[in-house]
Amino acid sequence: MEVRARAPGKIILAGEHAVVHGSTAVAAAIDLYTYVSLRFPTPEDNDETLKLQLKDVDLEFSWPVGKLKEVLPELGSCSASSPSSCSLETTKAIALLVEELKLPDSKTGLASGISAFLWLYTSVHGLKPAKVVVNSELPLGSGLGSSAALCVALSAALLALSDSLKLDFSHQGWQTFGDSELDLVNKWAFEGEKIIHGRPSGIDNTVSTFGNMIKFRSGELTRMKTNMPLKMLVTNTKVGRNTRALVASVSERAARHGSAMTSVFKAVDSISEEVAAIIQSPISDELAITEKEEKLGELMEMTQGLLQCMGVSHASIETVIKTTLKYKLATKLTGAGGGGCVLTLLPTLLAGTVVDKLIAELEECGFQCLIAGIGGSGMEISFSGFS
Ligand SMILES: Nc1ncnc2c1ncn2[C@@H]1O[C@H](COP(=O)(O)OP(=O)(O)OP(=O)(O)O)[C@@H](O)[C@H]1O
Ligand SMILES: C[C@@](O)(CCO)CC(=O)[O-]
Ligand SMILES: [Mg+2]
């Protein structure tokens with residue numbers, strides 16, 4: 001039997017980075033997914049290896065279970081129902097295993113994702129042979145939460161075939177989990193995110209697990225209800241960056257300028273609360289939508305100013321902002337910044353021809369544009385080969 005799990009990427013409407021320091025943030029799932037499939041070999045396969053295929057980067061890795069037993073002896077027993085952090089000793093052992101893969105220089109960023117895989121897999125299933133295949137519709141390392149989508153889809157697939165969840169294997173098509181199972185997936189995914197991000201707030205894995213739109217503060221999520229149509233243009237600057245390094249750089253700035261940065265984080269908190277209130281307030285007529293969009297646009301510009309203040313903007317992001325400003329549109333970075341993806345609010349009454357012109361201008365700069373569906377489903381699983 002094989003299980004397939006999928007988990008969505010996300011956009012952050014307000015509050016990235018500040019959320020790591022206790023501020024409120026608002027995020028929404030987008031309709032681009034990371035898929036993870038998991039299958040255990042049958043006795044006839046006579047396969048004693050743990051295999052990981054990363055289709056997006058065209059790489060495949062394989063560890064003989066005997067080798068894993070030598071290197072990770074204390075992981076023989078697993079604890080699917082009680083998520084735990086990777087100890088320093090195990091982190092070192094996993095780092096050695098990943099080092100031996102001799103990743104090409106251009107792909108060293110994958111090391112943290114592979115380490116998260118090894119931790120999550122061995123924690124839930126112990127040292128057991130399996131084949132895991134990963135592929136994604138998300139650009140990797142670009143601010144759309146690819147690391148969280150990977151950790152959520154992986155945790156969901158692993159838990160789906162563990163003894164700790166009682167699921168209906170005969171169900172056809174995508175199905176989701178109940179709240180307590182979703183909570184377990186989210187907790188394991190957070191442990192994976194810790195390995196990739198260093199100090200994650202948990203917002204990315206939470207919105208990827210539960211979907212829709214959420215308000216998030218200090219580990220607490222509030223599911224938001226909205227009927228406001230939100231359309232965002234996502235521009236990928238294609239400038240590579242690394243969330244772990246950017247999160248660390250903001251913390252360093254906060255350590256250098258404690259009082260000033262506390263004020264910045266507080267301002268972000270107020271903006272996120274206002275964004276959440278606007279999005280959730282009832283809509284009476286078209287004028288109300290236009291007014292809301294104007295306020296939202298202004299708040300996005302204010303957030304961007306504060307992100308610049310945190311030191312996470314980038315020349316490429318500034319180019320997108322200047323270009324969209326010519327069309328009187330508001331733009332902010334999303335996710336960790338430093339390049340990656342940028343959001344532009346597309347008001348409901350904006351003509352399609354204007355959007356086409358803007359996209360053409362942005363793509364001439366070498367950027368890539370997409371319009372993602374916002375606020376869709378969270379993680380889901382599907383079984384095949386059940387008889
Ligand atoms: N489909 C995938 N295949 C392999 N590795 C992946 C995949 N998706 C994510 N990763 C891992 O996650 C890393 C990117 O995570 P990172 O947190 O830097 O960016 P992001 O999650 O896309 O953006 P943000 O955190 O700002 O939303 C990759 O370098 C890799 O280690
Ligand atoms: C930059 C950050 O705030 C969001 C990344 O999508 C990091 C985090 O919250 O873990
Ligand atoms: Mg990430």
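In listed order, ligands and their atoms are each counted from 1.
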More than 12 foreign heavy atoms under 6.0 Å from CD of Glu298: is that the case here?
-> no
Checking side chain to side chain donor-acceptor pair (under 3.5 Å) for the pair Thr226/Gln280: CA distance, chi angles, key distance, verdict?
-> CA-CA 5 Å; Thr226 175; Gln280 291 182 101; over 6 Å; no
Residue part near ligand 2, for His197, under 4.0 Å between non-hydrogen atoms = side chain
If you count the atoms of ligand 2 from 1 in the order shown, which ones are under 4.0 Å from a heavy atom of Ile203?
-> 9 (O)
Determine the minimum heavy-atom distance between Met1 and Phe383, stating which atoms define it.
-> SD-CD2, 4.1 Å
Is it true that the NZ or CZ of Arg6 lies under 6.0 Å from the centre of Tyr33's six-membered ring and within 45 degrees of the ring axis?
-> yes
For Lys266, does the NZ atom have more than 12 heavy-atom neighbours from other residues, nucleotides or ligands under 6.0 Å away?
-> no
Flag if over 12 foreign heavy atoms under 6.0 Å of CG, Asp31 = yes
For Gly113, the ligand 1 atoms with a heavy-atom partner under 4.0 Å come out as 31 (O)
For Glu363, look at atom CD and say whether over 12 heavy atoms of other residues, nucleotides or ligands are found less than 6.0 Å away.
-> yes
Under 6.0 Å from the CG atom of Asp58, do we count more than 12 heavy atoms belonging to anything else shown?
-> no
Is a side-chain donor or acceptor of Thr319 paired with a backbone partner of Ala315 at a separation under 3.5 angstrom?
-> yes
Can you figure out which of Gly337, Gly335, Ser201 has its heavy atom closest to atom 8 (C) of ligand 2?
-> Ser201
Could you pull out, from Ser112, Gly143, Ser147, the option with a heavy atom nearest to atom 15 (O) of ligand 1?
-> Ser147
Could you find the nearest protein heavy atom to atom 30 (C) of ligand 1 and give me its residue, atom name and distance?
-> Gly109 O, 3.8 Å
Heavy-atom contacts with Ser142 under 4.0 Å: which atoms of ligand 1 show up? List them by number with element.
-> 22 (O)
Find all atoms of ligand 2 within a distance of less than 4.0 Å from any non-hydrogen atom belonging to Val20, and give their numbers and elements.
-> 3 (O), 7 (C), 8 (C), 9 (O)
Do any N/O atoms on Gly145 end up under 3.5 angstrom from N/O atoms on ligand 1?
-> yes
Going by distance only, is there an N or O of Ala111 that falls short of 3.5 Å from an N or O of ligand 1?
-> no
Identity and distance of the protein heavy atom lying nearest atom 3 (O) of ligand 2 | His17 N, 2.8 Å
Looking only at distances, please establish whether an N/O atom of ligand 1 is found under 3.5 Å from an N/O atom of Ser136.
-> no
Could you tell me the residue and atom name of the protein heavy atom closest to atom 5 (C) of ligand 2, and the distance to it rounded to 0.1 Å?
-> Asp204 OD2, 3.3 Å
Step through it carefully: locate the ring centre of Phe40, locate the ring centre of His125, and say whether they are under 6.0 Å apart.
-> yes
For ligand 1, is Lys10 a contact, meaning one of its heavy atoms is under 4.0 Å away?
-> yes
Only heavy atoms count here, so choose which of Leu150, Ile203, Leu110, Leu59 is nearest to atom 10 (N) of ligand 1.
-> Leu150
Donor-acceptor under 3.5 Å (Thr303 side chain, Leu299 main chain) = yes
Closest non-hydrogen atom pair, Phe177 against Ala160 = CZ-CB, 4.3 Å
For Gly335, counting its heavy atoms only, list the atoms of ligand 1 lying under 4.0 Å from any of them.
-> 26 (O)
For ligand 2, is any non-hydrogen atom under 4.0 Å from Leu246's backbone (N, CA, C, O), its side chain (CB onward), both, or neither?
-> neither
Compute the minimum heavy-atom distance from Val57 to ligand 1 and say whether it is under 4.0 Å.
-> no
Can you name the nearest heavy-atom pair linking Thr34 to Leu138, along with the distance?
-> OG1-CD1, 3.7 Å
Just by modelled atom types, is the Leu333 backbone N or O under 3.5 Å from a matching donor or acceptor in the Gln304 side chain?
-> yes
Taking only heavy atoms of Ala336 into account, list the atoms of ligand 1 that are under 4.0 Å away from them.
-> 26 (O)
Tell me, please: is Lys10 in heavy-atom contact with ligand 2, that is, under 4.0 Å?
-> yes
So the atoms of ligand 1 within less than 4.0 Å of a heavy atom of His197 turn out to be 17 (O), 25 (O)
Please indicate whether any nitrogen or oxygen in Thr34 is less than 3.5 Å from any nitrogen or oxygen in ligand 1.
-> no
May I ask you to identify the nearest protein heavy atom to atom 24 (P) of ligand 1, giving residue, atom name and distance to one decimal place in Å?
-> Thr243 OG1, 3.4 Å
Val19 neighbourhood, listing ligand 2 atoms whose heavy-atom distance to it stays under 4.0 Å | 3 (O), 9 (O)
Hey, which atoms in ligand 2 end up nearer than 4.0 Å to a heavy atom of Ile12?
-> 4 (C), 6 (O)
Say whether Arg199, considering both its backbone and side-chain N or O atoms, lies within less than 3.5 Å of an N or O atom on ligand 2.
-> no
Check Leu233 against Cys369 and note the closest heavy-atom contact, atom names and distance.
-> CD1-CB, 3.9 Å
Please could you name the atoms of ligand 2 that Glu16 approaches to less than 4.0 Å, counting only its heavy atoms?
-> 3 (O)
Which heavy-atom pair separates Ser155 from Leu120 by the least distance, and what is that distance?
-> OG-CD1, 3.8 Å
Which of the ligand 1 atoms, numbered from 1, are nearer than 4.0 Å to a heavy atom of Arg241 | 18 (O), 19 (O), 23 (O), 24 (P), 26 (O)
Contacting atoms of ligand 1, where contact means under 4.0 angstrom from a heavy atom of Asp204 | 25 (O), 27 (O)
Could you say whether the N/O atoms of Leu140 and ligand 1 ever approach to under 3.5 Å?
-> no
Hey, is NZ on Lys194 packed in by over 12 heavy atoms from elsewhere, all under 6.0 Å?
-> yes
Show your reasoning for whether side chain to side chain contact (heavy atoms under 4.5 Å, CB included) applies to Met261 and Val250.
-> CA-CA 9 Å; Met261 289 292 278; Val250 173; 4.1 Å; yes
Could you tell me which non-hydrogen atom of Pro229 sits nearest to which non-hydrogen atom of Glu293, and how far apart they are?
-> O-OE2, 4.3 Å
Leaving waters out, which protein N, O or S atoms fall under 2.8 Å from the Mg ion (ligand 3)?
-> Ser147 OG, His197 NE2
Under 3.5 Å, is there a donor-acceptor pair between the side chain of Thr237 and the main chain of Gly340?
-> yes
Could you give me the CA-CA distance, side-chain angles and deciding distance for Arg4 and Glu380, then say whether salt bridge (charged side-chain N to carboxylate O under 4.0 Å, His left out) is met?
-> CA-CA 8 Å; Arg4 200 155 186 245; Glu380 290 173 310; over 6 Å; no
List every atom of ligand 2 that sits less than 4.0 Å from any heavy atom of Pro200, numbering the atoms from 1 in the order shown and giving each element.
-> 10 (O)
Nearest non-hydrogen protein atom, atom 19 (O) of ligand 1 | Gly141 CA, 3.2 Å
